Number of protein chains: 2
Amino acid sequence: MASLADHIESYIKQQIQRTPSQVVVLNRAQLAEAFSCVPSQINYVLATRFTRERGYVIESRRGGGGYIRVVKTLPGRSQEVAGFLKRIGSAIDEQQADHLLVTLIDHGVLQRRQAQLIKGIIQQELNDFPQAADRLRASLLRAMLLVQLHEVEAKERR
Amino acid sequence: MASLADHIESYIKQQIQRTPSQVVVLNRAQLAEAFSCVPSQINYVLATRFTRERGYVIESRRGGGGYIRVVKTLPGRSQEVAGFLKRIGSAIDEQQADHLLVTLIDHGVLQRRQAQLIKGIIQQELNDFPQAADRLRASLLRAMLLVQLHEVEAKERR
DNA sequence: TCCGTTTTGACCAAATCTGACCTTTGTCTG
DNA sequence: CAGACAAAGGTCAGATTTGGTCAAAACGGA
């Protein structure tokens, strides 16, 4: 049985689909009013169904003229590539990291020089903060790959 | 639903864009009149959106013939951007990070969407590893900006 | 019944906007 | 020249408008 949360979820997704830029701007109070529920229900839906894991980014502002903006990211190929990112996990050693970068080059996701750049930056950061190297490496790798992937997609859309 | 403050902000930015010297001189009372608001609203906009952090300088004079001058510090491209990166240092709190991202947007180094992505990624990573948040944030921010900047430079060479 | 998910409501935090009151600077007048 | 007056802009506290958090109650399926 479809719950209220499900209905709100599909409404939001529908609105996103309708824009070329895959964005929707919501007014929390109005939306709650439309679905005859309490405003915090909207937060619940956003928190459980529009996570970054699932490819969404939420941005919001309080006060007069406040809003909640939902942006869909990670469409298409990188959704699939996201699988690689998951494998990074909470920690990764240098060998595994190198291996991953090579794999991404093989899959045409990265160019050699981009992989090289990423490797260099990690080295630099680890140099400055040697504590918990494998964990920091995992964070940095994931972060940089996400940025890079986004760039690749933006390019493809042109 | 953009707020009044947003409209005033964009009006001022537009005026600045129109001059080669990146300066605009305002008359507080007139401007308030034009936007049908109280004069102190102008101060509010200036105080919240045209801060030094974001690359603006405000000068003003009271009394007869008084004025408010808004000057945008010139963007010096990559060289200047390197300075921004240095400012990150070994640790940075969330507010400073946000300011930096907004500054980079204002200076045309990042697009809003990219800044948003970077913010989202940091949030996620900090969620997973809350230890030494300000340090991890600094590392992630620097790493992602470097990747992004490289991309921007590559684009400029084309 | 038990457990995870939904839903609600009370309370909180942030951004915006206004208005009353203050300070600085320039000008006019006795 | 002193003092009054006018013409800017500045400050700050409080009301208003949004959205955020969290814990407890309600619900629904195994």
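Since we're looking at a predicted model, the values are computed, not measured.
- B:Ser40 and B:Asn43 share no donor-acceptor pair across their side chains, judged by distance under 3.5 Å alone.
- Considering only side-chain N and O atoms, A:Ser60 lies under 4.0 angstrom from the phosphate OP1 or OP2 of D:dG20.
- Using a 4.0 Å cut-off between charged nitrogen and carboxylate oxygen, B:Arg137 and B:Asp93 do not count as a salt-bridge pair.
- Taking the charged nitrogens against the carboxylate oxygens, A:Arg61 and B:Asp6 do have a contact shorter than 4.0 Å, which makes a salt bridge.
- Non-hydrogen atoms lying under 4.0 Å from DNA chain D are contributed by B:Ser40, B:Asn43, all within residues 40-49 of chain B.
- Of the candidate nucleotides C:dT7, C:dG9, C:dT16, C:dT7 has the atom nearest to the side chain of A:Leu4.
- The phosphate of C:dT16 (OP1 or OP2) has a side-chain N or O of A:Arg61 nearer than 4.0 angstrom.
- The distance from atom CD of B:Glu33 to atom P of D:dG9 is 13 Å, rounded to the nearest whole Å.
- For B:Glu33 and B:Arg28, the salt-bridge test fails: no basic side-chain N is under 4.0 Å from an acidic carboxylate O.
- Look at CD1 on B:Ile68: it is 15 Å from P on C:dT25, rounded to the nearest Å.
- Protein atom CD of B:Glu94 is 11 Å distant from nucleotide atom P of C:dA14, rounded to whole Å.
- The two residues B:Leu140 and A:Ser139 have their closest heavy-atom pair at CD2-O, 3.6 Å.
- Remark: A:Phe129 CZ is packed, more than 12 non-hydrogen atoms of other residues, nucleotides or ligands lying under 6.0 Å away.
- In this structure, A:Asn27 does not reach the D:dT18 phosphate: none of its side-chain N or O atoms is under 4.0 Å from OP1 or OP2.
- Closest approach to the B:Arg28 side chain among C:dT8, D:dG20, D:dG9 is made by D:dG9 (side chain taken as heavy atoms from C-beta onward).
- Of the inter-residue distances, the one linking B:Ile122 atom CD1 with B:Glu94 atom CD reads 8.5 Å to the nearest 0.5 angstrom.
- Around CZ of B:Phe35, the count of heavy atoms belonging to other residues, nucleotides or ligands within 6.0 Å exceeds 12.
- With A:Tyr56 as the aromatic partner, A:Arg54 does not meet the cation-pi criteria of under 6.0 angstrom to the ring centre and within 45 degrees of the ring axis.
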Short N/O separations, protein against nucleotides 2-6 of chain D, under 3.5 angstrom:
none

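- A:Leu26 has its CG atom 14 Å from the C1' atom of D:dT18, to the nearest Å.
- Side-chain to base pairing of A:Arg62 with D:dG20: no donor and acceptor N or O lie closer than 3.5 Å to each other.
- Protein atom CD1 of B:Ile58 is 13 Å distant from nucleotide atom C1' of D:dG10, rounded to whole Å.
- Protein atom CG of B:Leu31 is 20 Å distant from nucleotide atom P of D:dA7, rounded to whole Å.
- Atom CD1 of A:Ile8 and atom P of C:dT6 are 11 Å apart (whole Å).
- Rounded to an integer number of Å, the gap from CD of B:Glu59 to P of D:dA8 is 19 Å.
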